[in-house]
Amino acid sequence: MEITLHNTQTGQRERFEPLVPGEVSIYVCGPTVYDLQHIGNGRPAVVFDVLVRLLRLEYAKVTYVRNITDVDDKINAAALESGESIAEHAERYAAEYLEDVAALGVMPPDVEPRATGHIEPIIAMIEKLIGIGHAYEAEGHVLFHVPSDPQYGTLSRRSLEEMRDGARVEVAPYKKDPKDFVLWKPSTPELPGWDSPWGRGRPGWHIECSAMIRTHLGPVIDIHGGGSDLAFPHHENESAQSRCVNGGTASVRYWLHNGMLTFGGAKMAKSVGNVVTIRDLLERHDGEVLRYALLSGHYRQELQWGESLAHAQGSLDSLYGALRDADDGDNDTAASYSSAGVDAFPKAVLDALCADLNTPRALAAMHALAADIRRADDADTVRSLRSSLLAGGWLLGLLTKSPSEHFQGLSDDATVEHRIAERNAARAAKDFALADAIRDELAAEGVQLEDTAGGTRWRRTG
RNA sequence: GGCUGGAUGGCAGAGUGGUUAUGCAGCGGACUGCAACUCCGUUCACGCCGGUUCGAUUCCGACUCCAGCCUCCA
């Protein structure tokens, strides 16, 4: 199985080979927890979840780390407004985030580190950077000196010259260079802070990821993922710090960036005011539908959020419909394939995912399998195709429920069954007016009937 | 202004130097008491202008437009 991935560092699609054969280390930037997360934040969680599922098929050991940023000025401001302590506020929204992504079918990473739990390694790293001449202390701050790193700018491919032009940053007077960024900053008594060689303070944003990666995965990792809006300055800075500490060796071998969700022609962002929270969406839609919508576009491209949900619902129904048709009494779902070998998985789906995680093509392959199921006429073929479909579902994190749960929900609605029986009695007596009246009533309640050779079945709509 | 990516049918969204993406929706037919489901068939496409080529949506160049980043951001 040859996996290719688009590496931001080189701007090209490359064959993926882990540094240590058979073992993969992967780190993904998680959210800053100051509020409910919007669906755009769900994209990297879902996309890299699929990547990890794929990697685990091929490599014996995959260590997946996704952080939570729980120290940040936005958290401080939000906590002040909500009246909670800063730690309580961050912890509350961290829990909300985990609940949200779980509903999107995202498996927990192996390690979910918090910035506040890594102050020691952060301080150690800053001391090292000062010691080797890449950082300096000024007025209680410690700053990374950007011109000291000749490779700075190679990730986002911009020169120091270019950055000067567009600079919108107000330059603090204590900076040696306008591009220098904060590794450590002083805290006033009401702000979270830790003792350090530079006084009581807190870490800057970028250093936490570098320190957590180093702590949990080592000086060089295989894959680092995150949103494309993090490439600069966050990942550029992270890259610079870690590289300098490594004595010039890059800390990340493959940089992966997912594209933004757009809504109404612009990036979904709080500052634009066009966000939809995952929590809101979950009130009206199944988490699996949201996941399908997020996977319906290639991860590097922008994705138009607008009508994707209605489309995703119909598309997912189609896959579940094929499973329902193929029902052989087994209660297996995609989860039954969580530890299946490579051979159990449909090749077309695997091939698509191996090609830089082409989830739209993988979904097309899933629909091809579904169509084959509906056309097949012998039981063995149907059974085998059904297994393939479910196995593909495992890779994508879809088809996690039984078809009846998908179409009817968990409620075992005796009332609906009773009225269906009434209607069928009316049909048998050729009282079609009554039969249609019952059907219309049920439809008005969101229950749609389907008369099949094997009897009448139903599903919930909207 | 600089850098990056994009422009595909009603919508979403892959891909390819010549042959069906896929899904949702539409249309016609089969099935049905009528529907729904399903099946069969089918309409609608590659921003604009040049170039390369037997042939370009696909390669090259210019142009137009859009988005992202250059400030916090998934």
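Proteins get letters first, then strands, A, B, ... in listed order; numbering begins at 1 in each.
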**Asked** If you write RNA chain B from 5' to 3' in dot-bracket form, with Watson-Crick or G-U pairs under 3.5 Å, [ ] for crossing pairs and | for pairs with another strand, what do you get?
**Response** (((((((..(((.....[...))).(((((.......)))))....(.(((..]....))).))))))))....

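Between R324(A) and E450(A) a salt bridge is recorded (basic side-chain N to carboxylate O distance below 4.0 Å). Of the charged side-chain nitrogens involved, at least one lies within less than 4.0 Å of a carboxylate oxygen, so that D351(A) and K347(A) count as a salt-bridged pair. For the pair K179(A) and D177(A), the salt-bridge criterion is met [side-chain N within less than 4.0 Å of a carboxylate O].
Counting non-hydrogen atoms under 4.0 angstrom, L303(A) reaches the backbone sugars and phosphates but no base. Across all strands shown, Q301(A) has heavy atoms under 4.0 Å from sugar-phosphate atoms exclusively, and none from any base.
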Check: protein-nucleotides 35-37 of chain B nitrogen or oxygen pairs below 3.5 Å:
residue	atom	partner	partner atom	Å
A35(B)	N6	D451(A)	OD2	3.2
A35(B)	N1	D451(A)	N	3.4
A35(B)	N1	D451(A)	OD2	3.1
A35(B)	N3	R439(A)	NH1	2.8
A36(B)	O2'	Q448(A)	OE1	3.1
A36(B)	N1	D451(A)	O	2.9
C37(B)	O2'	R457(A)	NH2	3.2

Identify each atom pair where a protein N or O and an N or O of nucleotides 65-69 of chain B are less than 3.5 Å apart, giving names and distance.
residue	atom	partner	partner atom	Å
A67(B)	O2'	E302(A)	OE2	2.1
G68(B)	OP1	K267(A)	N	3.0
C69(B)	OP1	K267(A)	NZ	2.3
C69(B)	O2'	R158(A)	NH2	3.4

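Look at the C1' atom in both G41(B) and C54(B): the space between them is 34 Å, to the nearest Å. Spacing between G61(B) and G5(B) at atom P, rounded to whole Å, works out to 13 Å. Here the separation of A30(B) from A35(B), taken at their P atoms, is 11 Å to the nearest Å. Here the separation of C40(B) from A14(B), taken at their P atoms, is 26 Å to the nearest Å. Taking atom C1' on both C24(B) and U53(B), the two are 38 Å apart, rounded to the nearest angstrom.
For the pairing with H224(A), the ring-ring contact (aromatic ring centres under 6.0 Å, His included) check across H257(A), H235(A), H234(A) returns one residue only, H235(A).
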**Request:** List the steps, then state whether side-chain contact (heavy atoms from CB on, under 4.5 Å) holds for I26(A) with Y254(A).
**Result:** CA-CA 9 Å; I26(A) 172 169; Y254(A) 300 85; over 6 Å; no

**Request:** Dump the intermediate steps for side chain to side chain donor-acceptor pair (under 3.5 Å) on N258(A) and S228(A), then the final yes or no.
**Result:** CA-CA 5 Å; N258(A) 64 273; S228(A) 62; over 6 Å; no

**Request:** Decide salt bridge (Lys or Arg N to Asp or Glu O under 4.0 Å) for D356(A) and R361(A); before the verdict, give the C-alpha distance in whole Å, the side-chain angles of both, and the deciding distance to 0.1 Å.
**Result:** CA-CA 11 Å; D356(A) 196 26; R361(A) 221 172 87 198; over 6 Å; no

**Item:** side chain to side chain donor-acceptor pair (under 3.5 Å) evaluation trace for T4(A) with E14(A)
**Value:** CA-CA 5 Å; T4(A) 59; E14(A) 299 169 356; over 6 Å; no

**Request:** Check the pair D73(A), R202(A) against salt bridge (Lys or Arg N to Asp or Glu O under 4.0 Å), reporting the backbone distance first and the verdict last.
**Result:** CA-CA 10 Å; D73(A) 288 345; R202(A) 57 195 197 279; 2.7 Å; yes

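Within the structure, ring pair (Phe, Tyr, Trp, His ring centres under 6.0 Å) pairs that include any residue of residues 353-409 of chain A comprise Y320(A)-H406(A) (at least two apart or interchain).
The stretch residues 356-372 of chain A comes close to RNA chain B through N358(A), P360(A), R361(A), A364(A), H367(A), each having a heavy atom under 4.0 Å from the strand. Taking a 4.0 Å limit (strictly below) on heavy-atom distances, residues 34-45 of chain A reaches RNA chain B at H38(A), G40(A), N41(A), P44(A). Residues from residues 141-148 of chain A with heavy atoms under 4.0 angstrom of RNA chain B: there are none.
Considering only residues two or more places apart in sequence or on other chains, V101(A) meets the side-chain contact (heavy atoms from CB on, under 4.5 Å) condition with A45(A), R66(A), Y97(A), V106(A). By the side-chain contact (heavy atoms from CB on, under 4.5 Å) test, A266(A) pairs with V272(A), N274(A), sequence neighbours left out. R253(A) meets the side-chain contact (heavy atoms from CB on, under 4.5 Å) test with L19(A), V220(A), D222(A); sequence neighbours excluded. The side chain to side chain donor-acceptor pair (under 3.5 Å) search around E445(A) returns R419(A), not counting sequence neighbours.
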Throw together a table of side-chain donor-acceptor distances under 3.5 angstrom for residues 429-439 of chain A, partners on residues two or more places apart or in other chains.
residue	atom	partner	partner atom	Å
D431(A)	OD1	L434(A)	N	3.2
D436(A)	OD1	R439(A)	NH2	3.4

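A distance-only check finds a donor-acceptor pair linking the side chain of S387(A) to the backbone of R383(A) [under 3.5 Å]. At distances below 3.5 Å, at least one donor-acceptor pair connects side-chain atoms of R291(A) with backbone N or O atoms of L104(A).
Nearest heavy-atom pair across V289(A) and A312(A) is O-CB, 3.6 Å.
Between T32(A) and H298(A), it is H298(A) whose nearest contact on RNA chain B lies nearer the 5' terminus.
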